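As the structure is a prediction and not an experimental result, all values here were calculated from the model. For the single chain, residues carry numbers from 1 onward in sequence order.
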Amino acid sequence: MKKHLVTSVLAFCLAAFSVPSAFAQDHISYKKEILRMQPDLTSAELLSSVRSIAKNTGNTEDALLQQIYEELKHDQSKSKKENGSIGTLGSSGGTVSVGPSSKGNFYYTASQTAYMNHGHVGMYYSSDVIVESVPETGVRTISTTLRKVDQGDAQVKSVTTSSTNRNNAANWAFSRVGIDAYSYNFVTNRTTSHIGDKNCSKLVWSAYKLYGNLDLDVDGGLGVYPRDVRDAPGTQLVRNI
């Protein structure tokens, strides 16, 4: 009887200690995969952001890392539907000019770094001037003539809101030119400040969140990716490129 009791207690202890160990392994695995897909994002930046979100929401760090990983995989699955010949992130190395459009509209084009095709978005400040965020300079302007995109995986879209909101959103984005540097943090950019370093999708998302209280994010996840903006409710296709 005593031997059976000791065995049962030992089994219980082993099981109890194996649970946090399993969670720790998941934590390491998800973090490793996230950083593999986003190597420009540092481990310290990722974990700092996750810990802050966990503190504010009550979610566990492991659950948040799993959510980030699954969002990345979902975005990656969308990228596979696009053509294989695409430019690098934020570059103008496409084959055709994006062309003119109305103030407050935005364009999407397939675009990638060496590790993942996130796509790229930029907003029309005027009919012939784009405001966007790119790695080399942060938030900048570029003419629609010089802004080249990849034909077949690019489109221009409008946002269903008032002309006042569209103008104010574009004006705000323009006001960040030369001020906000680039951020490689796509994975939790929905939770970061509107002011400061930002990537292309954060710029467009913040502009309409601040001016119109519109959420240009198709799934409302922790990260707002360019395709999230492209596919968001309340956006309408103007033309394919």
Lys80 side chain to Asn117 side chain, donor-acceptor N/O pair below 3.5 angstrom:
no
With distance as the sole criterion, is a donor-acceptor pair present between the side chains of Lys198 and Ser206 under 3.5 Å?
no
side-chain contact (heavy atoms from CB on, under 4.5 Å) with Ile130: which of Leu146, Thr141, Ile142?
Ile142
Between atom [atom1] of [X] and atom [atom2] of [Y], what is the distance when rounded to the nearest 0.5 Å?
X: Ile53; Y: Asn59; atom1: CD1; atom2: CG; answer: 9.0 Å
X: Ser77; Y: Asp75; atom1: OG; atom2: CG; answer: 7.5 Å
X: Trp172; Y: His194; atom1: CH2; atom2: NE2; answer: 7.0 Å
X: Leu222; Y: Ile68; atom1: CG; atom2: CD1; answer: 5.5 Å
X: Thr109; Y: Ile241; atom1: OG1; atom2: CD1; answer: 7.5 Å
X: Ser101; Y: Asp128; atom1: OG; atom2: CG; answer: 11.5 Å

For Tyr30 and Tyr69, take the angle between the two ring planes, folded into 0 to 90°, and tell me which bin it lands in: parallel under 30, tilted 30 to 60, perpendicular over 60.
tilted
If I compare all heavy atoms of [X] with all of [Y], which pair ends up nearest, and what's the gap?
X: Ser49; Y: Thr191; answer: OG-OG1, 4.3 Å
X: Ala207; Y: Ala169; answer: CB-O, 3.5 Å
X: Asp231; Y: Thr235; answer: C-OG1, 4.4 Å
X: Thr144; Y: Tyr124; answer: CG2-CE2, 3.7 Å
X: Thr145; Y: Ser97; answer: O-OG, 2.7 Å
X: Asp150; Y: Gly94; answer: OD1-CA, 3.7 Å

Taking side-chain contact (heavy atoms from CB on, under 4.5 Å) as the test, write out the residues that go with Thr161, two or more places apart.
Val159, Asn165, Arg166, Tyr208, Leu214
SB check [X] [Y] (cutoff 4.0 Å):
X: Arg227; Y: Glu82; result: yes
X: Asp215; Y: Arg190; result: yes
X: Glu33; Y: Arg36; result: yes

Go through the steps to decide whether Lys157 and Gln236 satisfy the test side-chain contact (heavy atoms from CB on, under 4.5 Å), and finish with yes or no.
CA-CA 5 Å; Lys157 301 197 76 174; Gln236 299 290 327; 5.8 Å; no
Yes or no on side-chain contact (heavy atoms from CB on, under 4.5 Å) for Asp197 and Thr192, after CA distance, side-chain angles and deciding distance?
CA-CA 9 Å; Asp197 297 358; Thr192 58; over 6 Å; no
Would you say Glu71's side chain and Gly221's backbone share a donor-acceptor pair under 3.5 angstrom?
no
Answer yes or no: is there a donor N or O on one side and an acceptor on the other, between the side chain of Asn189 and the main chain of Val224, under 3.5 Å?
yes
Taking His118 as the fixed residue, which of Tyr225, Tyr108, Tyr184 is the one that meets the ring pair (Phe, Tyr, Trp, His ring centres under 6.0 Å) rule?
Tyr225
Indicate, with yes or no, if [Y] and [X] share a hydrophobic cluster defined by side-chain heavy-atom contacts under 4.5 Å among Ile, Leu, Val, Met, Phe, Trp and Tyr.
X: Val156; Y: Val129; result: no
X: Tyr182; Y: Val229; result: no
X: Val218; Y: Leu72; result: no
X: Val238; Y: Val131; result: no
X: Trp205; Y: Phe106; result: yes

Do [X] and [Y] have side-chain heavy atoms sitting under 4.5 Å apart?
X: Ser102; Y: Ser158; answer: no
X: His120; Y: Val134; answer: yes
X: Val96; Y: Val149; answer: yes
X: Gln155; Y: Arg239; answer: no

On the ring face of Tyr125, is Lys103 found with NZ or CZ under 6.0 Å from the centre and within 45° of the axis?
yes
As a quick check of understanding, evaluate side-chain contact (heavy atoms from CB on, under 4.5 Å) for Leu64 and Gln67, giving each step before the final call.
CA-CA 5 Å; Leu64 292 169; Gln67 181 180 344; 4.3 Å; yes
Apply side chain to side chain donor-acceptor pair (under 3.5 Å) to Ser133 and Lys202, showing your working.
CA-CA 9 Å; Ser133 185; Lys202 175 72 174 185; over 6 Å; no
Worked verdict on Val187 versus Glu45 for side-chain contact (heavy atoms from CB on, under 4.5 Å)
CA-CA 11 Å; Val187 300; Glu45 185 178 6; over 6 Å; no
